[in-house]
Amino acid sequence: MARDPDILIVTTDFLEGRPVRQHLGMVSAQAILGANVVLDLMAAIRDFFGGRSKGYERVLARAREDALAALAKEAQAMGANAVLGVDLDYHAIGPNGSMLMVAVNGSAVVI
């Protein structure tokens, strides 16, 4: 899911020189992606020998982009052109933590 470039998404509570004209409320979105057996096996090997797990990094990046795209879509449906104060949380869920969730929320505004 591609993110709408017309919706500005920032982690700050304000944008210098761009006052908030209207607060529309909180928006939130989640993306949950399952890892697979091969990815888990490769991560276990990386954990044993050390190093980065590129596979999990790709899964997390995809989940983050999907969650931000859903957040932008929700904000746009409310009439917002920006989301301020965005917070991202990462969680392992499901049996044995086999699924990865990214939860995002922020304030939908018109600037």
Trace of the side-chain contact (heavy atoms from CB on, under 4.5 Å) decision for Gln22 with Val109: CA-CA 6 Å; Gln22 185 178 9; Val109 299; over 6 Å; no
Roughly how far, to the nearest 0.5 Å, is CG of Asp89 from CG of Asn105? 7.0 Å
Can you tell if the side chain of Val83 reaches within under 4.5 Å of the side chain of Ile7, non-hydrogen atoms only? yes
Nearest 0.5 Å please: distance from the CG atom of Leu33 over to the CZ atom of Arg62. 5.0 Å
Once you round to the nearest 0.5 Å, how far does NE2 of His91 lie from CE of Met101? 4.5 Å
Taking all non-hydrogen atoms of both residues, which atom of Glu74 and which atom of Ser28 are closest, and how far apart? OE1-O, 2.6 Å
Joint cluster assignment, Tyr90 & Ile9, ILVMFWY side-chain distance < 4.5 Å: yes
Atom NE2 in His23, atom OG in Ser107: separation rounded to 0.5 Å? 7.5 Å
Side-chain touch Arg18/Leu8, heavy atoms, less than 4.5 angstrom: yes
Output, in order, the C-alpha distance, side-chain angles, deciding distance and verdict of side-chain contact (heavy atoms from CB on, under 4.5 Å) for Met78 and Val27. CA-CA 9 Å; Met78 294 173 70; Val27 288; 3.2 Å; yes
Val10 vs Val86 side-chain heavy atoms within contact, under 4.5 Å: no
When every non-hydrogen atom of Ala31 is compared with those of Ala67, the smallest separation belongs to CB-N, 3.8 Å
Is the closest side-chain heavy-atom distance between Asp13 and Leu84 below 4.5 Å? no
Report yes if the side chains of Arg21 and Ile111 come closer than 4.5 Å at any heavy-atom pair, otherwise no. no
Pairwise side-chain contact, Leu60 with Leu100, heavy-atom cut-off 4.5 Å (strictly under): yes
Hydrophobic cluster membership, Leu24 vs Phe14, 4.5 Å side-chain cutoff: no
